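Heads up, the thing below is written out as structure tokens.
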Amino acid sequence: MNHPGSMRTIAGNAVVIAALLAIAGLLLRLHLGQDGWQPTPLPARRWIALAAVLGYAAGCLALWWRARPRPDEPGDSGEPPLLVAWASQTGFARQLAGHTAQSLRDGGCRVRLRALDQVDAALLAGTRKALFIASTTGEGDPPDHALAFLDQVMRQAPALPALQYAVLALGDRSYADYCAFGHRLDDWLRGQGAQPLFDTVDVDNADPAALRHWQQLLGQFGDGRVQADWSPPDYQPWVLRARTRTNPGSVGGPVFQLCLQPADGALPAWQAGDIAEIGPRHAPAAVEQWMRAHALDPATTLADGRALRELLAAARLPEAIDGSAPEAIAAALQPLPHREYSIASLPSENHLRLLLRRQSHPDGTPGLASGWLCDHAAIDARIDLRLRANPNFHPPAGDAPLVLIGNGTGIAGLRAHLRARIDAGARRNWLLFGERHRAHDFHFGDELEQWRRDGGIEHLDTVFSRDGGPHRYVQDLLAAQAGRLRRWVDHGATVLVCGSLQGMAPAVDAVIAQVLGRERKEQLVRERRYRRDVY
């Protein structure tokens, strides 16, 4: 069966050939009059002949343009482009796929953008990384054009062990089969041996927070640059009340605990597993240096009284302003993209707590968001913050056993879960945590040990890679406790993993598959008893 793209190519070539034949006929009429050959063309016919030649050249250019190498086609490197495939009923998924592809290209990726019905088994087998944007229509049905993929690809059940993928599932939570086709696609890909890059992102009625989370995840591809938010968060003003370094003397990057409260009003509600979206700002010295480099007085204000430096602090600093007036500069500014952090506390603790590591660029300068929060934001300074619900990582219902696995600053989200469980009287909690040195990097260590002594944590297993011992990483610790893991899962346990997407999360996933069997692991995913918040 021909793909629609192939049919369009044939039709386009046919149109060009027909145009060339028409030009040839016109040229023939120019040279053949009623009495035969016209040796000297009339002036008007010279212009017609020139137009015909230009038309012929345009046709040749069109043929070259259609045949030129495209960014979404394999190059000399041999590495196939990243596939972005969409299944859309109303056009929204197609629009998001276009945004996704453009963000990836802006980050230096080569991208192949396709409708799902243009994706066959051979294309999937030749792809190493793929992102699927899939909408659900009716009562859990796929979009109409995606039926060809179901009939011709999913029924073939090709093995895809070399494919890494992720799914953005669009739906409406008011329907019983919420995001059903996206999850069906995810289940099928897992069943063929493909490996998820990160867990499926569900989007309820074009929820902008979920879409920002998807865009944040795209930053792991290409050069890692996060592009401007498709829909900037509606931040609320918070205040930084305290900041403490938790790992002095560590060989790793500095880790800080931050406590924040709303600038006005009561503390809003959130659950364990939810996310804080932070609007970063440039350091004041960096803004002042930029303004002086562009011959702007750091005290410049707009007509409405706003300080230009405050607007610049929260925006991408333009490379050139070409003598623009302050109002024109302000109008053209693009907000800095947000950053996401797991919340380590509950509203009952009367503050929002974050735990984050200061990130550094290759030249040693701090990352934009972590540098702002860890170094430059003053105590009692305003912090732009928005809460984002993260239902995929909310606590399981009831008091069934809970296995919590994490490393590094991933302990932040797990700490909130433990606090919620202890407050609810659920005692069957097992925490496995890994870091570098126990003496420096056991974040919340005193509190966790106290909870263990009080019975709030049934098992507390830790591993510190630089201290020596029989195990080096948290995945090794989990493998050594294979029997306990099987027993806890048999007793109805949910497994929550929080921490590094590179290294820890896939290694833990491999251990779980080895200990429980791949089918049992996938069953836990379908039952929502195996969930991850990785970054």
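All heavy atoms count here, side chains included; hydrogens, waters and symmetry mates do not. Predicted, not measured: the structure shown is a model, and the values here were computed from it.
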Can you classify the ring geometry of His99 versus Trp230 as parallel (below 30°), tilted (30 to 60°) or perpendicular (above 60°)? tilted

For the residue pair [X] and [Y], establish whether any side-chain heavy-atom pair is separated by less than 4.5 Å.
X: Leu218; Y: Leu131; value: yes
X: Arg281; Y: Asp384; value: yes
X: Trp214; Y: Val203; value: no
X: Leu170; Y: Leu96; value: yes
X: Leu431; Y: Arg452; value: no
X: Ile278; Y: His338; value: no
X: Phe433; Y: Arg415; value: no
X: Leu373; Y: Leu240; value: no

Would you call Arg388 and Asp274 a salt bridge, using N to O less than 4.0 angstrom? no

Side-chain ion pair, Arg531 and Asp533, N-O less than 4.0 Å: no

Would you please name every residue forming a salt bridge (charged side-chain N to carboxylate O under 4.0 Å, His left out) with Asp423, sequence neighbours left out? Arg419

Test of understanding: with salt bridge (charged side-chain N to carboxylate O under 4.0 Å, His left out), list the residues that count as partners of Asp441, not counting sequence neighbours. none

[atom2] on [Y] to [atom1] on [X], rounded to 0.5 Å:
X: Lys129; Y: Glu79; atom1: NZ; atom2: CD; result: 7.5 Å
X: Asp177; Y: Thr137; atom1: CG; atom2: OG1; result: 12.0 Å
X: Asn429; Y: Leu448; atom1: CG; atom2: CG; result: 11.5 Å
X: Phe92; Y: Trp86; atom1: CZ; atom2: CH2; result: 14.0 Å
X: Met291; Y: Ile321; atom1: CE; atom2: CD1; result: 8.5 Å
X: Tyr165; Y: Phe198; atom1: OH; atom2: CZ; result: 11.0 Å

Report the C-alpha separation of Trp290 and Leu296 in whole Å, then their side-chain angles, then the decisive distance to 0.1 Å, and conclude whether the side-chain contact (heavy atoms from CB on, under 4.5 Å) test is met. CA-CA 8 Å; Trp290 182 91; Leu296 289 170; 3.8 Å; yes

State whether the side chain of [X] and the backbone N or O of [Y] hold a donor-acceptor pair below 3.5 Å, judged by distance alone.
X: Tyr178; Y: Asp204; value: yes
X: Ser135; Y: Ala87; value: yes
X: Ser324; Y: Ile329; value: no
X: His282; Y: Ala315; value: yes
X: Gln271; Y: Ala389; value: no
X: Gln475; Y: Val511; value: no
X: Asp467; Y: Arg438; value: yes
X: Trp430; Y: Asp461; value: no
X: Gln236; Y: Asp234; value: yes
X: Asn390; Y: Ile275; value: no

State yes or no: are the ring centers of His351 and Trp238 separated by less than 6.0 Å? no

Tell me if the centroids of the rings in His417 and Phe393 come within less than 6.0 Å of each other. yes

Applying side chain to side chain donor-acceptor pair (under 3.5 Å), run through Arg532 and Asn392 and close with a yes or a no. CA-CA 8 Å; Arg532 305 190 304 172; Asn392 187 58; over 6 Å; no

Neighbour count >12 (heavy atoms, 6.0 Å) for atom [atom1], [X]:
X: Arg94; atom1: CZ; result: no
X: Asp264; atom1: CG; result: no
X: Gln289; atom1: CD; result: no

Checking side chain to side chain donor-acceptor pair (under 3.5 Å) for the pair Tyr530/Asp509: CA distance, chi angles, key distance, verdict? CA-CA 10 Å; Tyr530 175 28; Asp509 185 79; 2.9 Å; yes

Exactly one of Arg212, Gln216, His213 clears side chain to side chain donor-acceptor pair (under 3.5 Å) with Glu340, and that residue is His213

Gln450 vs Asp446, test: side chain to side chain donor-acceptor pair (under 3.5 Å). Steps then yes/no. CA-CA 6 Å; Gln450 186 61 51; Asp446 292 342; over 6 Å; no

Pick from Arg243, Arg245, Arg353, His443: which one makes a side chain to side chain contact (heavy atoms under 4.5 Å, CB included) with Gln257? Arg353

Looking at Arg466, Arg357, Arg472, which one forms a salt bridge (charged side-chain N to carboxylate O under 4.0 Å, His left out) with Glu435? Arg357

Let's go through His440 and Asn247 carefully: what are the C-alpha distance in whole Å and the side-chain angles of both, what is the deciding distance for side chain to side chain donor-acceptor pair (under 3.5 Å) to 0.1 Å, and is it a yes or a no? CA-CA 5 Å; His440 305 292; Asn247 68 338; over 6 Å; no

